[in-house]
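Every chain is numbered from 1 and lettered A, B, ... according to where its sequence line falls, protein lines coming before strand lines.
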Amino acid sequence: MRGETMAHVRDDLRHGWTLARTELRTQLRRLRSDRRRLFAAVAGVLGFSLFLAVSFVPGAITFGSEFRSTVPLGTAGVALWAVTMVVAYFGAANGFNQSQIGTVEPLARTSIPPRAVSLGRILTQTVQSAWIIVPIGALLLAGVAIGGGPAVAAVVLVAVLPLLAIGLVVGRAIGTLARYANERLQVSLWVKAILLLGLLGAIFLGTQVLLNSRYESDVQFAVGPIVPGTPLQSYAAVIFSPFGTTPGPLGVAVTGVVFVAIPVGVLGALRLETHVLVADLGRDAATAGRVEESYGVPRLFEIAPSARVAWRYLVRTRRDPRMLAHLTPLLFGAFGLAGSAFQDPGVLLTVGPGAAVVTGAVLAGSAYCLNPLGDDREQLPLLLTSARSVDVMLRGRMLAGVALGLVVAIGLGAPLALVEYGPGYVFGQSLLAVVLTAASVGIAVGLGAVAPKFERREYMNVERAHPSQWAMLGFFFGGMIVGGIGFLLLWLTLSGEYVLAVAFGWLLYVTVLGVASWGGYRYAVGRFDAFSLDDM
Amino acid sequence: MGTPSPAISTRALTKQYGSTTAVDGLSLSVPEGVTYGFLGPNGAGKTTTMRMLTGLVEPTDGDGFVAGTHCSERRQLVEKIGLLPEEPPLYSELTGREQLQFAADLRGVPWERVSDRALGLARELDLDGDLDRRIDGYSKGMRQKTAFVQAVQHDPDVVFLDEPTSGLDPRAARTLRELIVELTDDGTTVFLSTHILSVVEEIADRVGVLYDGQLVSEGSPAELTDDVDSDGDADLEEAFLELTDEPAAAW
């Protein structure tokens, strides 16, 4: 009986490894055959490593050098906790983002036992995470070695490895549970989106409020009381005992828990994942096939074919908010402001109006315009054989973006501004909102034409051809800078100073934005009118 | 009175992907108002040919004309064609009716002008009761029917159909065949690619057989079967198998 069980485990391991190897090999080949993706992946890792080198390696060197006098247990506790949390994030993202197992799902699900499929998934995604974690870890360890010597780095590695494993496993289980809840909840996609955003917001705001309260209590900022470093400090005291630390009973207990938690966590995550896999909850069961009333086009959108096309994009979004999943990073910016407003409601009235305008403008461009053709990959045969020019579709996307953006930029920005500022400011801000929103969509569609993305990938549990991450981040930050300049000009205008210089500033500002927007639109039309399926 | 220009004509049409030649010097001519059955084994180059003729991909060499328009002139071409590709190009979040309206908007054609025809076709295909349901709840057959209506609702001169009966039940498949015949009766040219030879045998006026990117035989279904068996006992399936048998095709 026991021998039979062991044989099953061996078989599952073998099948799981085969699946993982096939998946990884496929991904590697895909990466190697697409130089742009390969370049982006390498540049991403190098860029991130460089950022870390500048930000954290000096700290790692200092940390290592401290071992020469006293073992820095306090810092070690916090650092180990931070590493565990970061890795747990990777694990959670891996557990949550699993709408498919690459390209082999139907075959895998019908050919090998579910447990082997789960094992294969875990192995594949762990190796994928290692692609990011290992270079960064190596860089930080090198810093520790420079500061304290190779022996210190080796012991730090011994301390970190079990926590990496636990972070990945626990994070994965949390992610899988979240996915299970997401698929199990038979409610509308909007309710799910609001729940998910509420959860993210609560985590974000909670952390920010907690940190702000520490800063504002005028007590010297101490991470210890906020982050439970103590158990991991005790753990560090056990692992670092070769350097003279004294292991206490708590440390021995924590170390024991850490080592027991690894196999238990692996088995638990595996079991949970296999259960979710077998349960086959049927995605989108809450909405698929539901009888709807076909929406007619409202009078406002009846003015032109492109406006009617815009209405269809809005209707599609109304029915499936996942079309906007790529905008999640924008929310984190909004959460940041919300956190400040939670602490000091006055911020909402002083900074809020401007933030609403900039957010609305960025939303207008990024909602539908950052990957116009990639987003319609499956419908390209229709789009390219129906319209004389893609301009109808592009203008439709731009108008849909403007409609969404203005709701935030003026619908939210103007009422907020009315509370704190005079009518002149509100009028000026609303004009600026229109200029920024109109400029945003043209620039975004141009950016989307420069870097169209046709590969489907999963983000926030939504699998579609999301816009390029680089284009999106560049657009977000660029939008903030351009919006900031606009508000500076608005303030100067209302102050009545430097009249000529300000007038010239406006002329330059509007001209640059207008040229960039019109140029972006014309470039996109030209590029996509000449587009063929060969270009994908 | 001169000879009417063909609805579709190609001259040495060629498409290469790297070192692979998908379509190799294809020359064919399809008269107006006929159903042209385009046959060939998997990988013969049928879909690539269709894509070139509809302007979705550019030929490496040669020319293709559809309703008198060169296939690289996409602006002019789209007004004359309708396409039903193998995978129905539909937005799953829209209802069937909204999808058809969206397609009309893309063409810049007012819905009122095409709605009678579109809704009539939907009724004949037994789809009218489902037009206000979201497409993500449609079966494969319903998607296929919607995509067919979408391809022909604007009354194009030439319709390209890639496996149009795929996923349809026998009754719907028969209705679709009848609709194709009606289309040609009204003067539309239908370029039909399918593996279901009985469909071609039943409704095609002319048949072209593509093998390894080259046209190996062309004629009416009867001419094709006669070519392989002068006794007239062979059916189109036997003719197809013989024509696409490696040594015969090579010859």
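- For the 3.5 Å distance criterion, the side chains of B/His70 and B/Asp63 qualify, holding a donor opposite an acceptor.
- Here A/Arg397 pairs with A/Asp375 in a salt bridge; the nearest charged N to carboxylate O distance falls below 4.0 Å.
- Chain B is approached within less than 4.5 Å, heavy atom to heavy atom, by A/Phe528, A/Asp529, A/Ala530, A/Phe531, A/Ser532, A/Leu533, A/Asp534 from residues 520-534 of chain A, ordered by number.
- Between chain B and the residues A/Val315, A/Val392, A/Asp320, A/Asp376, the most heavy-atom pairs under 4.5 angstrom are made by A/Asp376.
- Donor-acceptor pairing under 3.5 Å is lacking for the side chains of B/Thr189 and B/Glu32.
- Partners of A/Glu378 according to the salt bridge (Lys or Arg N to Asp or Glu O under 4.0 Å) rule, which considers only residues two or more places apart in sequence or in another chain, are A/Arg456.
- With respect to chain B, the highest number of heavy-atom pairs below 4.5 Å among A/Leu383, A/Thr317, A/Val390 belongs to A/Leu383.
- Of the N and O atoms on the side chains of B/Ser166 and B/Lys140, at least one donor lies less than 3.5 Å from an acceptor on the other residue.
- Without hydrogens or angle criteria, B/Asp61 side chain to B/Thr14 main chain gives no donor-acceptor distance under 3.5 Å.
- Ranked by heavy-atom pairs under 4.5 Å with chain A, the first of B/Gln76, B/Glu87, B/Gln101 is B/Gln101.
- For a residue to count as touching a neighbouring chain, one of its non-hydrogen atoms must lie under 4.5 Å from one of that chain's; by this rule B/Leu77 does not touch chain A.
- Put simply, CG on B/Leu119 and CD on B/Gln153 are 9.0 Å apart, with the number rounded to the nearest 0.5 Å.
- The salt bridge (Lys or Arg N to Asp or Glu O under 4.0 Å) search around A/Arg395 returns A/Asp391, not counting sequence neighbours.
- Proximity to chain A is limited to the side chain of B/Glu79, based on heavy atoms less than 4.5 angstrom apart.
- For B/Phe160, no part lies under 4.5 angstrom from a heavy atom of chain A.
- Judged as a salt bridge (Lys or Arg N to Asp or Glu O under 4.0 Å), and not counting sequence neighbours, the contacts of A/Arg308 are A/Glu302, B/Asp105.
- Between chain A and the options B/Trp111, B/Tyr17, B/Tyr91, B/Phe102, the largest number of non-hydrogen pairs under 4.5 Å is found for B/Tyr91.
- Pairing each heavy atom of A/Met393 with each of B/Leu106, the nearest pair is CB-CD2, 4.3 Å.
- If you tally non-hydrogen atom pairs under 4.5 Å between each of B/Leu56, B/Thr54, B/Val109 and chain A, the highest count goes to B/Leu56.
- In this structure, chain A has a heavy atom under 4.5 Å from the side chain of B/Lys15, while its backbone stays farther away.
- When each of A/Asp535, A/Leu394, A/Leu380 is tested with A/Leu373 by the rule side-chain contact (heavy atoms from CB on, under 4.5 Å), just one qualifies, namely A/Leu380.
- Your options are A/Ser386, A/Pro305, A/Ser306, and the one with the most heavy-atom pairs under 4.5 Å with chain B is A/Ser386.
- No part of B/Ile135 comes within reach of chain A, as not one of its non-hydrogen atoms sits under 4.5 angstrom from that chain.
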